[in-house]
Amino acid sequence: MSVSEGLRATITRAKRNDLIFVGLGIAALLFAASTFVALFLDMVGDGMSRLNPGFFTEFASRRAERAGILAAWVGTFAVMIVTALVAVPIGVASGIYLEEYAPKNKMTALIEININNLAGVPSIVYGLLALGLFVHTFGLGASVQTAGLTLALLILPVVIVATREAIRAVPGSIREAAYALGATRWQMVSDHVLPYSMPGILTGVIIGLSRAIGETAPIVTIGAVTFIAFLPPAPVTSSPPFLNFDWLSSPFTAMPIQIFNWTSRPEEAFQANASAAALVLVVMTLLMNAIAIWLRYRLRRNLNW
Amino acid sequence: GQQSDSPTPGASPSAPTNTVIGIDGSSTVYPITEAIAEEFQLANQGKVKVTVGVSGTGGGFKKFCRGELDIANASRPIQKLEMDACAQAGVKYFELPVAYDALTVVVNPQNEFLSTITIEQLKQIWAPESQGTITRWNQIDPSWPDAEFKLYGAGSDSGTFDYFTEAVVGKAKASRGDYTASEDDNTLVQGVSQDLNALGYFGYAYFAENQAKLKALAVVPVAGGAGVLPSEETVINGSYTPLARPMFIYVSDKAAARAEVRQFLNFYFENIATLAAEVRYVPLPPEAYLTIKKHLDDNKMGTVFGGEPATAITIEELLRREASL
Amino acid sequence: MSQAPIAGRLAYRRSRHIREQIIEWLLLSSALVAVATTVGIVFILVKESLVFFGQVSIIDFLTDSQWTPLFSDPHFGIWVLLSGTLTSSAIALCVAIPVGTTLAIYLSEFASARVRETAKPILELLAGIPTIVFGYFALFFVTPLLKIIYPELPGFNLLSAGLVMGVMIVPYISSISEDAMRAVPMSLREGAYAMGATRLQVALNVVVPAAFSGLAAAYILGISRAVGETMIVAVAAGMQPNLTFNPTDQAATITAYIVQVAKGDLPHGSVGYQTIFAAGLTLFLLTLVFNLMGYFLRKRFREEY
Amino acid sequence: MNDEQKKPDPSTLEKKAAALALNFFYGQKQALKNINLPIYDRKVTALIGPSGCGKSTFLRCFNRMHDLYPGTRYEGQIRLYPDDVNLLDKAVDPIEVRMRLSMVFQKPNPFPKSIFENVAYGLRIRGEKRRSVLMDKVEEALKNAALWNEVKDRLDELATTLSGGQQQRLCIARSLASEPELLLFDEPTSALDPIATASIEELIHQLREKITILIVTHNMQQAARVSDFTAYMYLGDLIEFGWTDDVFFRPKEKQTEDYITGRFG
Amino acid sequence: MNDEQKKPDPSTLEKKAAALALNFFYGQKQALKNINLPIYDRKVTALIGPSGCGKSTFLRCFNRMHDLYPGTRYEGQIRLYPDDVNLLDKAVDPIEVRMRLSMVFQKPNPFPKSIFENVAYGLRIRGEKRRSVLMDKVEEALKNAALWNEVKDRLDELATTLSGGQQQRLCIARSLASEPELLLFDEPTSALDPIATASIEELIHQLREKITILIVTHNMQQAARVSDFTAYMYLGDLIEFGWTDDVFFRPKEKQTEDYITGRFG
Ligand SMILES: Nc1ncnc2c1ncn2[C@@H]1O[C@H](COP(=O)(O)OP(=O)(O)OP(=O)(O)O)[C@@H](O)[C@H]1O
Ligand SMILES: Nc1ncnc2c1ncn2[C@@H]1O[C@H](COP(=O)(O)OP(=O)(O)OP(=O)(O)O)[C@@H](O)[C@H]1O
Ligand SMILES: [Mg+2]
Ligand SMILES: [Mg+2]
C-alpha cells in the first residue's frame with residue numbers, strides 16, 4: 001500500500017499503543033482475579049479443616065471444635081426470605097411505575113433522584129434508620145423481620161434499578177403491539193413487559209440478595225443476637241391454621257454476625273471457624289450469582305426481538 | 001400470664017416450652033454468659049431457650065430499661081442515665097457480680113527491658129497530657145531505651161477503656177488519643193505481637209490465649225511495692241489491683257419472678273466457678289456467690305455503686321458493698 | 001367536538017377504568033416507599049442529631065481538630081473522622097477508577113465475547129464477597145505483604161484498607177462502565193474505524209466520551225461505596241481518630257466509628273452515644289452531595305447518540 | 001389498478017371512516033394539517049409520500065396510538081361508520097377503539113410467546129377463556145393470514161423462531177383473530193425480503209374481500225399493486241386522493257406527478 | 001443520466017478499483033457471490049437492489065469493515081488503482097486501507113465531540129497537531145461539504161446539536177478532511193427528510209469532480225439522479241452493471257427491469 005512513511009510510522013505507533021493497552025487490560029483482569037483467588041485460597045487454607053457436616057448442623061458453642069453455623073445459616077436464610085418478600089414486590093412495582101406509568105414531572109424526578117441517592121447511602125446509615133424506626137419506634141426488636149426489612153430497604157434501589165433496566169430493554173414495538181390489540185396499560189404490563197423482563201429482574205434481585213447476605217454493619221447496628229442455640233419456629237405447623245408467623249419475630253443470628261463474633265474470640269481455634277464460615281458465606285454468594293447468571297442466560301435465550 | 005409484660009421476641013404465652021430468656025449487653029461478659037447458656041440448654045434439652053447478644057453494655061442497658069430484656073450483661077455498674085431510664089420505665093433489677101476480669105498490660109515478647117511497670121509509670125504513659133510530649137521509653141525511665149513506644153488499647157466506647165483510665169489515670173475517660181484503639185481485642189493482640197515497641201492492655205482472656213505472642217507485665221500497685229502478675233490467685237487475693245474489675249449481670253424483677261429465669265440463675269451460680277475459669281475469667285470465691293445469690297432470694301434490688309464508675313474494687317471491697325444492700 | 005353520548009360500543013367501561021386506576025395507585029405507593037425511606041433516614045438522623053447539637057456547638061463540630069467525644073475532655077471535630085474517610089476513599093478510588101475503567105474498556109472494546117462472558121461474572125462475584133471477609137484479608141494478608149516492601153508500616157493503616165476497598169469497588173465500576181460503553185451504538189465506532197482509527201483510539205476518542213454519563217454514574221457509585229464502606233476500615237484501618245491524610249497512618253473513619261460505638265458500652269442517650277447520629281448525618285450528607293453531583297452530571301451529559 | 005374496469009364514482013361507495021379537518025400536533029410541531037380523507041368500506045387505501053410527511057402519524061390517529069405519548073394533540077375528527085362517532089372524542093375509550101381497529105407494524109413484532117398465544121392474545125384480553133373457542137379462532141385467523149399450513153404443527157413453538165415474513169403474517173393473523181373492522185398497516189413489508197413481501201401483498205389482496213384496509217407504504221410499486229385508492233401526502237398536507245390508477249397515471253397535481261416519477265425535492 | 005451526450009465505452013475509462021471474483025461470508029452464510037465490478041475513477045457508481053441483497057456488505061468490503069467482526073470471511077480480490085494492490089490481502093493493513101477509503105453511513109454518526117474536533121479527527125489520528133493546519137483543512141472540508149456557512153460560528157459546539165441533515169453533511173466533511181481517494185456512501189439519505197436529502201445529492205454532484213464515489217441506495221430515483229453507473233444486485237449476485245441510463249431505461253436483464261418498474265418478487 002502506498003501511504004507516506006510518516007503516516008506509516010504514525011500508524012505503527014498507534015498500533016503499538018493498542019498492544020500496550022491490551023497488556024494493561026489483561027493485567028487489570030489478572031489483578032482482580034488474583035485478588036479473588038488469593039482471598040479464596042486464604043480462606044480455604046484457614047477454614048477447610050472445619051468444614052465437616054457437623055459444622056452445618058451444630059449451634060454455636062464456646063468450644064471452637066464443637067461450634068457450628070446452624071443458627072447462622074438458618075437465620076440468614078429466614079432473613080433473606082423476608083428481604084426478598086418485601087423488596088421484590090415493592091421494588092418491581094416501583095420500577096414498573098417509574099417506567100410505564102410515571103408522567104414526566106417534578107415528582108417523578110424527585111423519586112428518581114431519591115432512588116439514585118438511596119443506592120449510594122452507606123449501609124450503616126440503614127442500620128441507624130432501622131435502629132431508630134423498626135427497633136425503637138415500631139418495637140419490632142432485633143428480630144428476623146427487623147433485619148429482613150432493613151436489608152429489604154437496603155437492596156430496594158438495586159431491585160428498582162434492575163427492574164427499570166429490564167423493562168427498558170423490552171422494545172416499544174411490543175408495547176405498541178399489545179396496545180393496538182386493545183390491551184389496557186396493566187394488561188400490557190402484566191402480560192408482556194413483566195414476563196419478558198423477568199430474567200433481568202431476577203438477576204437484579206439475586207444480585208441484591210447476594211449483597212444483602214453479606215451485609216454486617218446494619219445488622220450489627222440493630223443488635224442481632226450472637227448466641228442462639230435454637231431455630232426460629234417453623235413457618236408451617238401440623239395443626240390449623242397450619243401457618244405460623246412467629247418466626248418473623250424470633251431472635252436470630254446471621255452468618256456475618258457469626259463470623260464477626262468468632263474473629264473477635266481470644267482462642268485461635270475460632271479463627272478457623274470464622275474462615276470456614278466466611279468460606280461458606282462466599283460460596284453461598286457465589287452460588288446465588290451463578291444462579292443469576294444461569295437464569296439470565298436461560299431465560300434470555302427466548303427473547304430475541 | 002407471666003409473659004404479658006415481657007415482650008421478649010418469640011415468647012408465646014400458651015407454650016411454656018417456647019419460652020425465651022433474652023440476654024444482651026457487654027461483649028466482655030458475653031463469653032461467660034454464653035458458656036452458661038450453652039450448658040444450660042444442653043442440661044434442659046432445649047426446653048428453655050436462651051439468646052445472648054452483644055450490643056455493648058450501653059446497648060444492653062438501653063433494651064433492659066425498656067423492658068425488652070430479661071438479663072443485661074454489663075462490664076461496668078449501671079450508670080446514672082441508665083438508672084433513670086430504668087426507674088422511668090418501672091424496671092427494677094438485681095445487680096449480680098459474676099466474675100472478675102484482670103486487665104492485662106502487655107508488651108512484645110521480645111521486649112527485654114520491661115517486665116514490671118508501676119501504676120505511676122502507666123499513668124505517665126497514658127495521661128492525656130502526655131499526648132505528643134511523652135513518646136519515648138526513656139522519658140518514663142532513663143534506663144529504658146531511646147525508642148518511640150506504640151500504644152494499643154480499648155476503644156473509647158468500651159467499659160474496658162473507662163475502667164482502665166479511671167484506675168490508671170485517676171479519671172474515667174481521661175486518656176491520650178494517639179493510640180491504636182480497637183473494639184476487637186484480637187487486632188490489639190495482633191498489633192502488640194508484631195511491634196517491638198508496643199505496649200497495650202486488654203482483657204486477661206486475650207493474653208491467656210496468646211501467651212506465646214505476648215508478654216504480660218507485672219503491675220506495681222503502689223510505689224515501692226512488688227510487681228504482681230495477673231492470675232486467678234492474685235485477683236482473688238486482691239493483690240492484682242487496681243486492674244482487676246468485676247463484671248455483672250443485671251436481672252429485671254419481672255424476669256426474676258419467672259420460674260425458668262430462676263432456674264437459669266440457679267444454674268448460673270452453680271456452674272459459674274468452673275465455666276468462668278474455662279473462658280479465662282476469674283471466678284469469685286464460693287462464699288461470694290452465696291452472698292450474691294442471697295440478694296436474689298431476699299429480693300434485694302438496686303445497685304451498690306450509686307451510678308458512679310468504680311475502680312480498685314477488690315473482691316473484699318465488692319463483698320463489703322454487697323453486704324450493705 | 002361533539003360531546004353527545006357515545007354509542008355503547010365505544011364508551012368507557014367504568015369497571016375497567018377503576019381497576020386500572022387502583023393498580024396505578026398501588027404502583028405509585030410502592031414507588032413512594034423509596035421516598036419514605038429517605039424521609040425516615042433524614043428524620044431519624046436529624047432528630048437524634050438535634051439532641052447532639054443541643055449540647056455541642058456546630059462550629060466546634062466543623063472546626064475542632066480533635067475527635068475525642070468519649071474522653072473526659074471531649075472534642076467533637078468531625079474533620080478528624082472525615083479525613084480518615086476521605087483518605088481511605090481516595091486510596092480506594094486511585095485503585096478502583098483506573099483499574100475498573102481499564103478493565104471496562106478492555107472487556108467492552110478489546111476482549112472477545114468469550115473472554116467477556118467469562119470475566120464479567122467472575123468480577124461480579126468479587127462484588128458479592130462479604131466486606132467483612134475483605135476486612136480480614138486487608139489486615140492479615142495485605143498489610144503483612146505491604147510490610148515486606150515498607151517495614152515501617154503500622155499494623156493498622158489506611159493504605160491497606162483503602163487498597164482492598166479499591167479492589168472491592170473495581171467490579172462495581174467496571175461492570176457499570178462496561179454496560180455504558182456497550183450501549184454506545186456500533187455505528188459511532190464504525191464512524192471512527194472507517195477513518196482508520198485503531199481500537200484504542202476508538203475507545204478513548206469515541207466510546208469513552210459517548211459513555212461519559214454512564215462512567216460518571218459508575219464513579220459516583222464507587223465513591224459512595226468507598227465513603228460508606230464500614231467493615232474493611234473498621235477491621236484494618238485502626239480505630240485511632242487522627243486528623244491525617246497520610247495513607248500510612250492509622251485512622252478512624254465515620255463508618256467505623258459508628259459501628260464501633262453502636263455496639264460499645266456507652267449509655268444510650270449520652271452525648272457520646274448521640275455522636276453516632278451526627279456522624280451518620282455527616283456521612284449521609286456527604287454521599288448525598290456526591291449522588292446529586294452524579295445525577296446532574298448524568299442529566300447534563302445524557303447520551304444522545 | 002387491478003379493478004380498472006369497474007370503477008364507480010367514489011361518492012356512491014359506502015364509507016368505513018373519514019378524517020374531517022384533522023390536525024395533529026407533536027407538542028408544538030404540527031404533523032398533520034387539515035386532512036380530509038374518506039376511507040371506503042372494504043377497499044384498500046394506500047398512503048404514500050416522502051419520508052416524514054406524516055403517513056404513520058395519520059395512521060396512528062385512527063386507533064388513538066398517540067394517546068400513549070404525552071404532549072400529543074388531536075384537532076378535528078375521525079368518524080367511524082356505521083356508528084358515526086368521532087373516534088377522537090375524549091369520551092371515547094381508546095381501548096374500545098383499538099379493539100375494533102387493528103394495526104400491523106413496519107417491523108414484525110410478535111410477542112415472545114408461543115405462536116398460539118400470539119394469535120389468541122386479542123381474544124384473551126377480551127375475556128375469552130374457553131380453549132376450544134380460542135383454538136377455532138386461532139385456526140381461522142392463521143388460515144386467513146395464509147400461515148396455517150406452515151405452522152399448524154408447531155403452534156406451541158416460540159413465535160420468534162419464525163422467519164421474518166412468517167412473523168409478519170403472524171402479526172396479521174393476530175390482528176385478524178379479533179375480527180377488526182378496519183386494518184391499519186404501517187409499511188408492513190419494508191423489513192421483509194421480496195418473497196415475503198409478495199406473500200403479504202397476496203394476503204392483502206385476499207383480505208380486502210372482507211375487511212377495510214388502510215396501508216402506508218414507501219414503495220410506490222406496492223401501492224400501485226395492492227390498493228384501490230391512493231392518497232399522496234407531503235409535509236403534513238394531503239395533496240391528492242383518488243382511485244389508485246388515476247393518482248398514478250393521471251395525477252391532478254404536478255407535485256404528485258413529480259414524486260411518482262422520481263423528480264421531487 | 002445527466003451526462004447522456006458524452007457517454008464513452010466504459011473500457012476506455014480509468015479504474016479506481018475493481019472487485020474480482022469476490023465472495024463474502026458471514027459465518028456459513030454467503031452474502032456475496034462472485035462479484036466482478038469495476039469502479040471508475042471520478043465517477044459515481046450506485047448500488048441498488050432489494051433489501052438484504054448484499055449492497056452494504058459489498059460496500060463494507062472496500063474498507064475492510066468486516067474485519068471488526070469475528071466469523072466473517074473474504075474470498076477473491078478488491079484491487080485498488082493506481083497502486084494495483086488487493087485490498088483484501090492479509091498483508092495489507094486495514095488501518096491503511098481505511099485511511100485512504102472513507103465511508104459515510106446510513107444514520108449520521110457524529111462523534112460526541114465538537115464540530116471542529118469531528119472534522120479534524122481524521123487528521124489528528126494521522127498525527128497532525130498544528131492548530132493552523134487543522135483549522136485550514138477543517139474549513140476546507142466543511143466548505144466542500146456545503147456546511148461551512150451554517151457552522152462557522154459554532155465550531156466548538158457539540159456536533160450532536162446539529163440537525164439530521166447537518167449531521168450527515170458533517171460526517172461527509174469528516175470523511176473529506178483526510179482527502180480520501182474513494183468515498184463510500186451507505187444509504188446516506190435514508191434517515192433524512194426530503195430537503196436534507198436534496199442538499200446531500202447536490203453535494204455528491206459537486207464532489208464527483210474530484211473524487212470517486214460508490215453509493216448504496218434503496219431509492220431508485222436517487223440512483224437515477226446522482227450516479228453515472230449503476231449496479232443492480234439481487235440475493236448476493238451482481239445482476240447487471242452499466243451506465244445508469246442504460247440500466248434504468250434499457251436493462252439487459254428481465255430481473256432488473258422488473259425491479260426497476262416495480263414488478264419484482
Ligand atoms: N414522536 C414525535 N415527536 C415529534 N415529532 C415527530 C414524532 N414522530 C414523528 N414526528 C415528526 O412528524 C413528522 C411526520 O412523521 P411520520 O413518522 O408520520 O412520517 P412518515 O410519513 O411515516 O415517514 P416515514 O416514511 O419515514 O415513516 C416528521 O416530521 C417527524 O419528524
Ligand atoms: N452480521 C451479519 N451476520 C449474518 N448475516 C448478515 C449480517 N449482516 C447482514 N447479513 C445478511 O447478509 C445479507 C446481505 O445484507 P446487507 O446488509 O448487505 O443487505 P443490503 O442490501 O444492504 O440490505 P438493506 O437495503 O436492507 O440495507 C442479508 O441476507 C443479511 O441478512
Ligand atoms: Mg412512517
Ligand atoms: Mg444496507
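Numbers restart at 1 for each chain; the letters A, B, ... are given by sequence-line order, proteins then strands.
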### Query
Above 12 or not: heavy atoms from other molecules or residues under 6.0 Å from OH of A:Y101?
yes

### CD/A:E268: more than 12 non-hydrogen atoms of other groups inside 6.0 Å
no

### Message
Counting heavy-atom pairs closer than 4.5 Å to chain A, which one of C:V142, C:V261, C:L221, C:I258 comes out on top?
### Response
C:I258

### Query
What part of C:I223 lies closer than 4.5 angstrom to a heavy atom of chain A: side chain, backbone, both or neither?
neither

### Query
Do you know which of A:N289, A:T285, A:I90 has the most heavy-atom pairs under 4.5 Å to chain C?
A:I90

### Query
Picking from A:I20, A:L279, A:I26, which has the most non-hydrogen pairs under 4.5 angstrom with chain C?
A:I26

### Summary
Turns out that what part of C:R225 lies under 4.5 Å from chain A's heavy atoms comes down to side chain

### Query
CG of A:D18 to CD of C:E109: how many Å apart, nearest 0.5 Å?
11.0 Å

### Query
Most heavy-atom pairs under 4.5 angstrom with chain C, which of A:I222, A:T221, A:V220, A:I207?
A:V220

#### Entry: Closest non-hydrogen atom pair between A:L128 and C:G280, with its separation
CD1-CA, 4.1 Å

### Message
Please check this pair: side chain of A:N117 against backbone of C:N291, looking for a donor-acceptor N/O pair closer than 3.5 Å.
### Response
no

### Query
Looking at C:L292, C:V259, C:L103, which one has more heavy-atom pairs under 4.5 Å with chain A than the rest?
C:L103

### Task
Might you point out which heavy atoms bring A:L39 and C:V133 nearest each other, and give the distance in Å?
CD2-CG1, 3.4 Å

#### Entry: Under the salt bridge (charged side-chain N to carboxylate O under 4.0 Å, His left out) test, residues paired with C:R116 that sit two or more places apart
none

### Query
Do the side chains of A:F260 and C:I132 get nearer than 4.5 Å, heavy atoms only?
yes

### Query
A:I113 versus chain C, heavy atoms under 4.5 Å apart: side chain, backbone, both or neither?
both

### Message
Nearest 0.5 Å, please: how far is OH in C:Y295 from CD1 in A:I115?
### Response
11.0 Å

### Query
chain A heavy atoms under 4.5 Å from C:V202: which part of the residue, side chain, backbone, both or neither?
neither

### Summary
Under 4.5 Å to a heavy atom of chain A? For C:L32 that would be side chain

#### Entry: Contact origin within A:L118 toward chain C - heavy atom pairs under 4.5 Å
side chain

### Query
What part of A:A277 lies closer than 4.5 angstrom to a heavy atom of chain C: side chain, backbone, both or neither?
neither

### Approximate separation, where rounding is to 0.5 Å, of C:T198 OG1 and A:R13 CZ
12.0 Å

### Task
Rounded to the nearest 0.5 Å, what's the gap from CG on C:L28 to CG on A:L98? Could you check?
9.0 Å

### Message
To the nearest 0.5 Å, what is the distance between OG1 on C:T38 and CG on A:L153?
### Response
9.5 Å

### Message
Less than 4.5 Å to any heavy atom of chain A: does that hold for the side chain of C:L288, its backbone, both, or neither?
### Response
both

### Query
Applying a criterion of heavy atom separation less than 4.5 Å, what residues of residues 228-236 of chain C form contacts with chain A?
C:G228, C:T230, C:M231

### Message
If I measure from the heavy atoms of chain A, does C:Y136 come under 4.5 Å with its side chain, its backbone, both, or neither?
### Response
side chain

### Message
Counting only non-hydrogen atoms closer than 4.5 Å, does A:A38 touch chain C with its backbone (N, CA, C, O), its side chain (CB onward), both, or neither?
### Response
both

### Summary
Tested for side chain to side chain donor-acceptor pair (under 3.5 Å) against A:T184, the lone hit among C:E20, C:R19, C:H17 is C:E20

### Query
With only heavy atoms counted, which part of A:M284 is less than 4.5 Å from chain C, the side chain, the backbone, both or neither?
neither

### Task
Identify which part of C:L27 has an atom lying under 4.5 Å from any heavy atom of chain A, answering side chain, backbone, both or neither.
both

### Message
For A:F40, which atoms come within 4.5 Å of any heavy atom of chain C: side chain, backbone, both, or neither?
### Response
neither

### Task
List the steps, then state whether ring pair (Phe, Tyr, Trp, His ring centres under 6.0 Å) holds for C:F110 with A:F21.
CA-CA 9 Å; C:F110 289 82; A:F21 186 84; 5.1 Å; yes

### Task
Check whether A:V22 gets within reach of chain C through its side chain, its backbone, both or neither, counting any heavy atom under 4.5 Å.
both

### Winner by heavy-atom pair count (cut-off under 4.5 Å) against chain C, out of A:V92, A:N114, A:V282
A:N114

### Working for side-chain contact (heavy atoms from CB on, under 4.5 Å), residues C:Y106 and A:L24
CA-CA 8 Å; C:Y106 174 73; A:L24 279 178; over 6 Å; no

### Message
Is C:I23 in contact with chain A via its backbone, its side chain, both, or neither, using a 4.5 Å heavy-atom distance?
### Response
side chain

### Query
Does the side chain of C:S30 come under 3.5 Å of the side chain of A:Y97 through a donor N or O and an acceptor N or O?
no

### Message
Could you check whether atom CH2 of A:W73 has more than 12 heavy atoms from other residues, nucleotides or ligands sitting under 6.0 Å from it?
### Response
no

#### Entry: Separation of C:L45 CG from A:L129 CG (nearest 0.5 Å)
8.0 Å

### Task
Would you mind checking which part of A:R185 comes under 4.5 Å of any heavy atom in chain C, side chain (CB onward), backbone (N, CA, C, O), both or neither?
both

### Message
Taking A:A14's backbone N and O only, do any of them form a donor-acceptor pair with C:Q201's side chain (distance below 3.5 Å, no angle check)?
### Response
no

### Query
Measuring heavy-atom distances to chain C, does A:L131 have an atom under 4.5 Å in its side chain, in its backbone, in both, or in neither?
side chain

### Query
Checking A:M43 against chain C: side chain, backbone, both or neither under 4.5 Å from a heavy atom?
side chain

### Message
Can you tell me which portion of C:V167 sits under 4.5 Å from chain A's heavy atoms? Options are side chain, backbone, both or neither.
### Response
side chain

### A:T263 and C:F140, any side-chain heavy atoms less than 4.5 Å apart
no

